[in-house]
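So the structure is just underneath, and the comments pick up after that.
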Protein chains: 2
Amino acid sequence: MHILIVEDEAGIVQFLKQGLEEEGYEITTTSDGLAGFELTQKQKFDLILLDWMLPKINGLDLCKAIRIKDTTTPILFLTAKDTVLETIEGLKAGANDYIKKPFSFEELIERIKIHFRNQNTPEILTLGTIKINLAQHTVCTNGIEVSLTQREFDLLTYLVKNKGNVCTRNQILQAVWQINFEYDTSVIDVFMNAIRKKLNLKIEEDYIKTIRGIGYIAND
Amino acid sequence: MHILIVEDEAGIVQFLKQGLEEEGYEITTTSDGLAGFELTQKQKFDLILLDWMLPKINGLDLCKAIRIKDTTTPILFLTAKDTVLETIEGLKAGANDYIKKPFSFEELIERIKIHFRNQNTPEILTLGTIKINLAQHTVCTNGIEVSLTQREFDLLTYLVKNKGNVCTRNQILQAVWQINFEYDTSVIDVFMNAIRKKLNLKIEEDYIKTIRGIGYIAND
DNA sequence: CATTACCTTAAGATTACCTTAAGATAATAG
DNA sequence: CTATTATCTTAAGGTAATCTTAAGGTAATG
């Protein structure tokens, strides 16, 4: 679990980083809002801790900016601005929690954990007659096991997890290949081809549809 | 959205029920923990507000009991027990938030909304009987799916997003074609034609009207 | 009635995707 | 540590969908 901390007071950063690392989280820190924003656009974090008063872009605006593209990553304010109005403003900006300084580290941990609690995705994903068993790392179509390579498996899983929504090529590259920038490659095509072959999907057969110019979509 | 309130102080119940109903939520209330538990086993709520001190079963135990079978429904504590230790205990029992009395009703609303935020009602744009589903990248007219190409889709989406406002040809070129300078082309016409054909729009039919000399306007 | 803007169609150009194969890399076994 | 194998990535040719251009027709405007 990778947490981004955007905070400019070195002491607090140090305190948080150390404490959270002891809890087993991977931590990235930055001290100004602009750098924080750029980080969030380049890579995906599992959770973001935000101070309100920050150089360049303040926490509130940063929160809003992140939420334009990303509506799911939990954002927790951690700030000395403690009035009700400020709290409401923070939450309205898209934050998931608003914790006032001074705070109990123990409580912070618990409030962070809330957001990781229900990330245990079901063990078996389905797409029509295709079954993906995440625990066993196996894929069956019509009851017959099909052997997929790692990348094939990851790609298929990603599409199925986002069943019903278009996945853009860039989103796929980010999620499956961890390539974070605009990049001209045709790997996706090659793997889509492999998957379709192994699962006997015709292109017209709509379990996985190509959306020209955008990406792909999985659907039962 | 259906909220269960488990709280034994009649005044608070009344206050919450009324306020939340005004916000458009459906409210069920009960004043003791056991009844609350039985309700949760019988029906599914979208969110649960819990007091700590309750007759028969206290809020903490109730929370744990609910979490045995149901790990997803958001549970919010709303209690006068305000120490850090109690907060942590509440969160560890499986609650999603812990709000201390006295609380601001406005803040409560925001903290409730957090949990409904990503119940992603798919973003659907409409224009009369035409529905555009952005996530699925599909367009339906009178319930029948119509297949549009990328450009057609972008153009239609742009017009519908600006429903009620005239879009000039230059604005359209900028938004859909990323052409930023005065440019003599008739692509727009070609695509408008294609869209109208595919969606069975007559020119007199006013979902999309031509504003001669200016551009186009979409309207229900 | 002349002019202008828009509609419509079709053909050529372009782009995106599919497919295959070969070279590069990583994992595994000898 | 090297050989072998499996997997990943790059590259390139083919194909089909899509986009753009262009040109003739039609309706609106003054």
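Note on naming: letters A, B, ... go to the chains in the order of the sequence lines (proteins, then strands), and numbering restarts at 1 for each one.
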Under 4.0 angstrom, heavy atoms only, what part of the nucleic acid is A/Phe153 near: base, sugar-phosphate, or nothing?
nothing

When we call it a touch if two heavy atoms are under 4.0 Å apart, what does B/Ile188 touch: a base, just sugar-phosphate, or nothing?
nothing

Between [X] and [Y], is there a donor-acceptor pair closer than 3.5 Å when you use the side chain of the first and the backbone of the second?
{"X": "A/Lys44", "Y": "A/Gln178", "value": "no"}
{"X": "A/Asn58", "Y": "A/Met53", "value": "no"}
{"X": "B/Arg196", "Y": "B/Leu199", "value": "no"}

Would you tell me whether A/Asn170 and A/Gln174 have side-chain atoms, one donor and one acceptor, within less than 3.5 Å of each other?
no

Just to verify, what does A/Thr28 make a side chain to side chain donor-acceptor pair (under 3.5 Å) with, not counting sequence neighbours?
A/His2

Going by side chain to side chain donor-acceptor pair (under 3.5 Å), name the residues that satisfy it together with B/Lys198, two or more places apart in sequence or in a different chain.
B/Glu152

Regarding B/Lys113 and B/Glu110, does a basic nitrogen lie under 4.0 Å from an acidic carboxylate oxygen?
yes

So, are A/Asp189 and A/Arg169 salt-bridged, with charged N and O less than 4.0 Å apart?
yes

A/Met192 CE - D/dC8 P separation (whole Å)
15 Å

How bent is the helix from C/dC1-D/dG30 to C/dG30-D/dC1, measuring the angle between the end axes built from five pairs each, rounded to 10°?
40°

Contact string for nucleotides 17-27 of chain D, one letter per nucleotide 5' to 3', B = base within protein heavy-atom range under 4.0 Å, S = sugar-phosphate only, - = neither, reads BSSBBB-----

Heavy atoms of chain A, cut-off under 4.0 Å: which first and last nucleotide of DNA chain C, 5' to 3', fall inside that, if you could look?
C/dT15 to C/dT20

Pairing residues for B/Phe37 by the ring pair (Phe, Tyr, Trp, His ring centres under 6.0 Å) criterion, not counting sequence neighbours
none

Once you measure the plane-to-plane angle for B/Phe77 and B/Tyr98, does it fall in the parallel (<30°), tilted (30-60°) or perpendicular (>60°) bin?
tilted

